[in-house]
Protein chains: 2
Amino acid sequence: MENNCIFIEKLRSSGLRPTKQRIKICKLLFDRKKTFHFTINDLSKILNKEIRQKVSLATIYNTIHSFKKKGYLKEISVNKDKSYFDTNTSNHHHFLDMNTNELIDLKSEDVHNIKIKKRIPGKKINSIEVLVKIENSN
Amino acid sequence: MENNCIFIEKLRSSGLRPTKQRIKICKLLFDRKKTFHFTINDLSKILNKEIRQKVSLATIYNTIHSFKKKGYLKEISVNKDKSYFDTNTSNHHHFLDMNTNELIDLKSEDVHNIKIKKRIPGKKINSIEVLVKIENSN
DNA sequence: ACACTACTTTAGAATCATTATAAATTAGAA
DNA sequence: TTCTAATTTATAATGATTCTAAAGTAGTGT
Ligand SMILES: [Mn+2]
Ligand SMILES: [Mn+2]
Ligand SMILES: [Zn+2]
Ligand SMILES: [Zn+2]
């Protein structure tokens, strides 16, 4: 439980003061086994479920953007009216469940190696992202 | 030049009255050889370059959404703060130039066949979209 | 422990893309 | 031409995100 030390160190080592708000958000985001995909709204609701010690919306935005800048989070665009963040910062692909709007990670072995044959002169490939939209099979 | 008839028919056949605003937008969007990727803001600026006969922003939104609903346009999410529409409504992949924010179509032969090995019980695959981010190669 | 300062949190205001409203205009049918 | 429903439009409303500036806090040095 009191492995807060890990997060306090993580924050300190990247020049962010370990405030109770940031530690609380760290625990929520990074103290889990599986990837967490969330929106700011999701996060806000979870954080402020317990009445005591609310975290203001401005702080949630600030913190998430700091974490993104530090490389602890990735932002994912799959839906024009929903912005997702992802605790899995490696290059990876996703299922998007169109019925639930849920993102699911694909492991690299889940997707055959992708070869792009076309090249644009003067440009190099930065990343390749695959989005597999899925839906209820009736 | 006066192949407006094509667009008038296209609109009529889908239950949309061929107003001068819609015809003007049709000509701008569909009277071209190559795929057109645009934002509402792009479109608005092009449409209202010529002072005479401005099209209101509300009409641009209405028209684009009607066209999307009728299947004449596809909406593409690649960037949380920019919503693109695409005159190419087939399933296809994209380059995204991170320096210019420009989308470029990939033909199906430009991308090796993609195999997704993982399946989610009760779900079927609806579509597979590949986004290849590119940038200046220094 | 105390004081100092820069960093952080916060409530509320500002911004801006998109959507809604409701009045004026227009297309198509009679 | 006349009538009606569809459409356009200016404008207001919405809502997510960002900004602001005041209050609170963490770390440093004394
Ligand atoms: Mn969600
Ligand atoms: Mn553009
Ligand atoms: Zn992920
Ligand atoms: Zn395209």
Side-chain angles (χ1 to χ4, degrees), chain A residues 4-5 7-28 38-48 50-70 72-73 75-85 101, chain B residues 4-5 7-28 38-48 50-70 72-73 75-85 101:
Chain A
N4 283 7
C5 295
F7 300 127
I8 290 174
E9 273 321 300
K10 185 187 177 96
L11 290 166
R12 276 228 181 78
S13 71
S14 48
L16 298 171
R17 287 189 180 170
T19 63
K20 55 185 178 313
Q21 292 86 346
R22 284 173 176 162
I23 294 169
K24 192 176 181 189
I25 293 174
C26 274
K27 283 163 72 176
L28 218 161
F38 62 95
T39 65
I40 294 284
N41 185 51
D42 293 337
L43 190 56
S44 174
K45 278 195 287 209
I46 299 171
L47 278 172
N48 294 326
E50 327 129 30
I51 324 288
R52 58 166 202 156
Q53 193 61 52
K54 297 230 176 207
V55 180
S56 80
L57 190 56
T59 297
I60 298 174
Y61 274 100
N62 288 341
T63 302
I64 293 307
H65 288 141
S66 301
F67 287 3
K68 184 188 171 191
K69 191 172 297 175
K70 295 298 179 184
Y72 301 151
L73 291 172
E75 193 162 9
I76 314 229
S77 286
V78 292
N79 188 317
K80 71 168 177 314
D81 41 36
K82 231 170 188 176
S83 195
Y84 291 91
F85 291 88
N101 260 337
Chain B
N4 283 7
C5 294
F7 299 126
I8 290 174
E9 273 321 300
K10 185 188 177 94
L11 290 166
R12 276 229 181 75
S13 71
S14 48
L16 298 171
R17 288 187 180 172
T19 63
K20 56 185 179 314
Q21 292 88 345
R22 285 173 175 162
I23 294 168
K24 191 177 181 188
I25 293 174
C26 273
K27 283 163 72 177
L28 217 160
F38 62 95
T39 65
I40 294 284
N41 185 50
D42 294 335
L43 190 55
S44 174
K45 277 194 286 206
I46 299 172
L47 278 172
N48 295 325
E50 327 130 29
I51 324 290
R52 58 165 203 155
Q53 194 58 52
K54 296 231 175 204
V55 180
S56 81
L57 191 56
T59 297
I60 298 174
Y61 274 101
N62 290 340
T63 302
I64 293 307
H65 287 142
S66 300
F67 287 3
K68 184 189 171 191
K69 192 173 297 173
K70 295 298 179 184
Y72 301 151
L73 290 173
E75 192 162 10
I76 314 230
S77 286
V78 291
N79 189 316
K80 69 168 178 313
D81 41 35
K82 230 169 190 178
S83 196
Y84 291 90
F85 292 87
N101 261 338

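Convention: sequence-line order gives letters A, B, ...; per-chain numbering from 1.
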Expressed in angstrom and rounded to an integer, what is the separation of [X] atom [atom1] from [N] atom [atom2]?
| X | N | atom1 | atom2 | result |
| --- | --- | --- | --- | --- |
| A:I8 | D:dA26 | CD1 | P | 11 Å |
| B:I25 | D:dT7 | CD1 | P | 13 Å |
| B:R17 | D:dT8 | CZ | P | 10 Å |
| B:N48 | D:dT9 | CG | P | 9 Å |
| A:I60 | C:dA11 | CD1 | P | 11 Å |
| A:Q53 | D:dG24 | CD | C1' | 12 Å |
| B:R22 | C:dG28 | CZ | P | 10 Å |
| B:K45 | C:dA17 | NZ | C1' | 14 Å |

Indicate yes or no for a side-chain donor-acceptor contact from [X] to the backbone of [Y] under 3.5 Å, with no hydrogens or angles considered.
| X | Y | answer |
| --- | --- | --- |
| A:S66 | A:N62 | yes |
| A:S14 | A:L11 | yes |
| B:R22 | B:R17 | yes |
| B:K24 | B:Q53 | yes |
| B:K80 | A:S77 | no |

| query | Among side-chain atoms of A:T39 and A:D42, is any donor-acceptor pair under 3.5 angstrom? | reply | yes
Under 3.5 Å, which protein N or O atoms sit close to an N or O of nucleotides 18-23 of chain C? Give each pair with its distance.
unit_1	atom_1	unit_2	atom_2	d
C:dT18	OP2	B:Y61	OH	2.4
C:dT18	O5'	B:Y61	OH	3.1

| query | Any idea which of C:dG28, D:dT7, C:dT9 is nearest the A:T19 side chain? | reply |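 Closest of the options to the side chain of A:T19: C:dT9.
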| message | Checking salt bridge (charged side-chain N to carboxylate O under 4.0 Å, His left out) between B:E75 and each of B:K68, B:K82, B:K69, which is the one that passes? | response | B:K68
| Within the structure, does a side-chain N or O atom of A:Q21 lie under 4.0 Å from either OP1 or OP2 of D:dT25? |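 The answer is no; no side-chain N or O of A:Q21 sits under 4.0 Å from OP1 or OP2.
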| query | Under 4.0 Å: is that the gap between some side-chain N or O of A:R12 and OP1 or OP2 of D:dG27? | reply | yes
| said: Using a 4.0 Å heavy-atom cut-off, does B:T59 contact any base of the nucleic acid, only the sugar-phosphate backbone, or nothing at all? | reply: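 Base contact - B:T59 has a heavy atom under 4.0 Å of at least one base atom.
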